[in-house]
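One structure is given below, encoded as structure tokens.
Any value given below was found using the heavy atoms of this structure, including those in side chains, with hydrogens, waters and symmetry copies removed. No experiment lies behind these values; they were computed from the predicted model shown. Labels below follow one simple rule: chain letters A, B, ... track the order of the sequence lines, proteins then strands, and each chain is numbered from 1.
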Protein chains: 2
Amino acid sequence: MFYTIGEMAKKLNVAASTLRYYDKEGLLPFVERSGGGIRMFKDEDMEWLTIIECLKQTGMPIRDIKTFIDWCMAGDATIDQRLDLIDRQRKSVEQQLARMQNTLRVLEYKHWYYETAKKAGTCAVHDTLSKEQIPKQFRNWIHG
Amino acid sequence: MFYTIGEMAKKLNVAASTLRYYDKEGLLPFVERSGGGIRMFKDEDMEWLTIIECLKQTGMPIRDIKTFIDWCMAGDATIDQRLDLIDRQRKSVEQQLARMQNTLRVLEYKHWYYETAKKAGTCAVHDTLSKEQIPKQFRNWIHG
DNA sequence: GCTTGACTTAAAGTGGACTTTAAGTTGTAT
DNA sequence: ATACAACTTAAAGTCCACTTTAAGTCAAGC
């Protein structure tokens with residue numbers, strides 16, 4: 001079962017031009033072509049695109065993803081490099097997660113801040129609150 | 001206590017040109033100037049830069065951050081808008097966190113995949129594994 | 001065989017977030 | 001007073017990841 005670039009783009013919910021761009025950048029060396037030059041995507045190509053999407057989600061630039069794909073195409077001689085790259089990306093994602101969770105805490109504080117201000121009709125209410133009126137998780141917090 | 005743009009940039013670990021860019025884009029309307037036109041950052045400006053950094057971390061574009069800052073400068077009449085914006089960003093970050101956690105699971109799988117391949121000396125080992133040899137968390141997983 | 005929509009490429013264009021450059025000013029230290 | 005590092009602006013440049021355009025080709029239906 002083969003898919004055209006348009007069908008694959010729809011399945012992946014990306015623009016066909018994006019897939020052409022990835023191909024041009026060397027991210028899709030596994031995609032076959034018809035006699036007439038039309039790209040013929042296979043079901044198993046989805047797996048490749050899933051790992052590409054995964055690496056993209058980690059913030060990895062296109063050329064580094066290409067390096068990884070190239071290593072995959074090169075076979076077993078590159079297993080060590082691939083393991084290293086995956087581990088580095090894993091650590092990076094763990095850090096990003098920690099930062100993102102911190103960001104979420106700030107937004108939760110801001111939510112409380114503005115909800116309280118909304119009820120009072122003014123942000124000035126925050127100058128009048130006693131420590132007990134501030135939710136525990138936000139006390140001893142360094143901010144405005 | 002005042003800081004020059006260079007001192008503030010060092011404190012924040014960003015380039016001074018970045019702060020000038022933010023100022024030009026209207027993100028720093030609160031920064032005062034000396035008689036000669038030199039920016040004079042105050043300690044309390046750190047709070048502003050912290051929330052800017054927080055919103056930037058959520059993926060919010062510069063102009064939307066400007067909108068938020070403008071609302072802050074406008075006073076109590078914009079509390080509702082600010083609450084809405086914070087809530088939207090909070091939901092966005094929750095989604096990003098969920099996606100990132102999924103990405104991490106994929107990377108953990110890939111780590112196991114390549115570690116196993118490394119021990120065996122070939123990726124082909126994965127064609128020979130019985131279900132029991134695949135860690136529980138990775139069984140019934142849809143991928144290569 | 002012709003139309004038509006989806007495909008092809010190369011090249012140019014876009015948008016976002018800076019970064020660098022050039023020319024000039026400020027302010028501190030001697 | 002003068003040197004000098006750090007500041008100022010406007011404008012141009014860079015990098016990245018696409019997206020669009022232009023000109024043309026492919027392939028399925030009539």
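One finds no side-chain N or O of A:Thr4 lying less than 4.0 angstrom from the OP1 or OP2 phosphate oxygen of C:dA6.
Using a distance-only test at 3.5 Å, with no hydrogens or angles considered, no donor-acceptor pair links the side chain of A:Gln89 to the main chain of A:Leu55. Of the possible polar contacts, one joining the A:Thr4 side chain to the A:Glu7 backbone as a donor-acceptor pair under 3.5 Å is found.
Protein atom CD of B:Glu7 is 14 Å distant from nucleotide atom P of C:dG27, rounded to whole Å. Distance, A:Met8 CE to C:dA6 P: 19 Å, rounded to whole Å. Computed from coordinates, the B:Ile5 CD1 to C:dT25 P distance equals 19 Å when rounded to whole Å.
Contacts between residues 55-62 of chain B and DNA chain C, defined by a heavy-atom separation under 4.0 Å, are made by B:Lys56, B:Pro61, B:Ile62. The stretch residues 14-36 of chain B touches DNA chain D through B:Arg20, B:Arg33, each having a heavy atom under 4.0 angstrom from the strand.
Read 5' to 3', the first and last nucleotides of DNA chain D with an atom closer than 4.0 Å to a heavy atom of chain A are D:dC16 to D:dA27.
A cation-pi arrangement is present between A:Lys11 and A:Tyr3 under the rule of less than 6.0 angstrom and at most 45 degrees off the ring axis. Cation-pi check for B:Lys118 over B:Tyr114 is not met; the charged atom does not lie both under 6.0 angstrom from the ring centroid and within 45 degrees of its normal. Cation-pi geometry between B:Lys110 and B:Tyr113 is met: the NZ or CZ atom falls under 6.0 Å from the ring centre, inside 45° of the normal.
B:Lys131 places a side-chain heavy atom less than 4.5 Å from the side chain of B:Arg139. Contact check for B:Leu19 versus B:Leu12: side-chain heavy atoms found under the 4.5 Å cut-off.
Using a cut-off of 4.0 Å between Lys/Arg side-chain N and Asp/Glu carboxylate O, A:Asp64 and A:Arg88 are scored as not salt-bridged. At a threshold of 4.0 Å, the pair A:Arg63-A:Glu25 does not count as salt-bridged, since none of the basic side-chain nitrogens sits closer than that to a carboxylate oxygen.
Using a 30° and 60° split on the angle between ring planes, A:Trp48 and A:Phe30 fall in the parallel class, below 30°.
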